[in-house]
Amino acid sequence: DGGITQSPKYLFRKEGQNVTLSCEQNLNHDAMYWYRQDPGQGLRLIYYSQIVNDFQKGDIAEGYSVSREKKESFPLTVTSAQKNPTAFYLCASSIRTGQGDEQYFGPGTRLTVT
Amino acid sequence: AQSVTQLDSQVPVFEEAPVELRCNYSSSVSVYLFWYVQYPNQGLQLLLKYLSGSTLVKGINGFEAEFNKSQTSFHLRKPSVHISDTAEYFCAVSEHTDKLIFGTGTRLQVFP
């Protein structure tokens with residue numbers, strides 16, 4: 001059963017700690033994405049990767065880092081430099097035909113930093 | 001630069017009534033258009049997409065959308081809603097790249 005998994009579903013951290021969110025896909029997709037969702041702001045792109053060992057900053061990359069060492073995995077680290085990290089984080093993937101490829105989303109991770 | 005506007009942040013409607021969720025976009029080139037649905041505390045699921053051809057696109061769960069190039073709109077419609085349609089709906093646009101630009105979402109609340 002193909003899809004995207006994100007773990008954990010809920011994550012709690014103290015301010016000043018780095019935290020890594022997991023994203024794994026078994027859809028054999030080349031492209032993967034991380035979004036942040038806040039109430040009333042829609043989805044904002046943090047980072048995306050079109051191929052293994054390569055990734056680009058999105059619109060709100062400050063305070064975040066990623067890696068893409070394997071095609072299936074695209075973990076996101078929320079660093080202590082991120083000023084307001086509490087949010088719902090969504091991972092997505094897509095094939096790359098350039099013909100209106102839909103993005104498939106994971107179930108999300110809700111991060112709370114206190 | 002491309003952008004997406006969903007003017008209605010919330011749309012309340014009674015069960016079995018019709019509904020239209022509005023989406024307007026701005027772009028200097030041709031685009032692909034998408035509608036996604038998000039149920040509480042879940043990821044997004046594709047409802048439908050417009051790539052080319054017929055301007056009326058049918059999707060899952062009885063939803064449809066019409067692409068209007070002159071008005072740069074892609075409004076989502078359903079003739080009769082159910083309680084289970086209560087969710088947040090996102091319009092998105094792509095300028096033939098890997099990236100999607102999302103609107104801020106419209107919360108559809110269906111009342112019995």
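Within every chain, numbering begins at 1; the chains are lettered A, B, ... in the order of the sequence lines, protein sequences first and strands thereafter.
- A:Ile46 and A:Leu21 fall within a single hydrophobic cluster, where Ile, Leu, Val, Met, Phe, Trp and Tyr are joined by side-chain heavy atoms under 4.5 Å apart, directly or via other members.
- A continuous path of Ile, Leu, Val, Met, Phe, Trp and Tyr side chains, each step under 4.5 Å between heavy atoms, connects B:Val11 with B:Ile83, placing both in one hydrophobic cluster.
- Both the backbone and the side chain of B:Leu44 come within contact range of chain A, each with at least one heavy atom under 4.5 Å from a heavy atom of that chain.
- With respect to chain B, the highest number of heavy-atom pairs below 4.5 Å among A:Pro107, A:Gly106, A:Gly100, A:Gly42 belongs to A:Gly100.
- Residues B:Leu46 and A:Phe105 share a hydrophobic cluster, clusters being chains of Ile/Leu/Val/Met/Phe/Trp/Tyr side chains in contact below 4.5 Å.
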Give the atom names and distances for all donor-acceptor pairs closer than 3.5 Å across chain B and chain A.
from	atom 1	to	atom 2	distance (Å)
B:Tyr36	OH	A:Gln103	N	2.9
B:Tyr36	OH	A:Gln103	O	3.2
B:Gln38	OE1	A:Gln37	NE2	2.8
B:Gln38	NE2	A:Gln37	OE1	2.9
B:Asn41	O	A:Lys9	NZ	3.0
B:Asn41	OD1	A:Arg110	NH2	3.0
B:Lys49	NZ	A:Gly100	O	3.2
B:Asp98	O	A:Tyr33	OH	2.8
B:Asp98	O	A:Gln103	NE2	3.3
B:Asp98	OD2	A:Gln50	NE2	2.6
B:Asp98	OD2	A:Arg96	NE	2.7
B:Asp98	OD2	A:Arg96	NH2	3.2

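- In the hydrophobic clustering of this structure, B:Phe67 groups with B:Val93; members are Ile, Leu, Val, Met, Phe, Trp, Tyr whose side-chain heavy atoms approach within less than 4.5 Å, directly or through other members.
- Atom CG of A:Leu45 sits about 9.0 Å away from atom CG of B:Leu100, to the nearest 0.5 Å.
- The hydrophobic cluster containing B:Val31 also contains B:Leu76, counting ILVMFWY residues as joined when their side-chain heavy atoms lie under 4.5 angstrom apart, directly or transitively.
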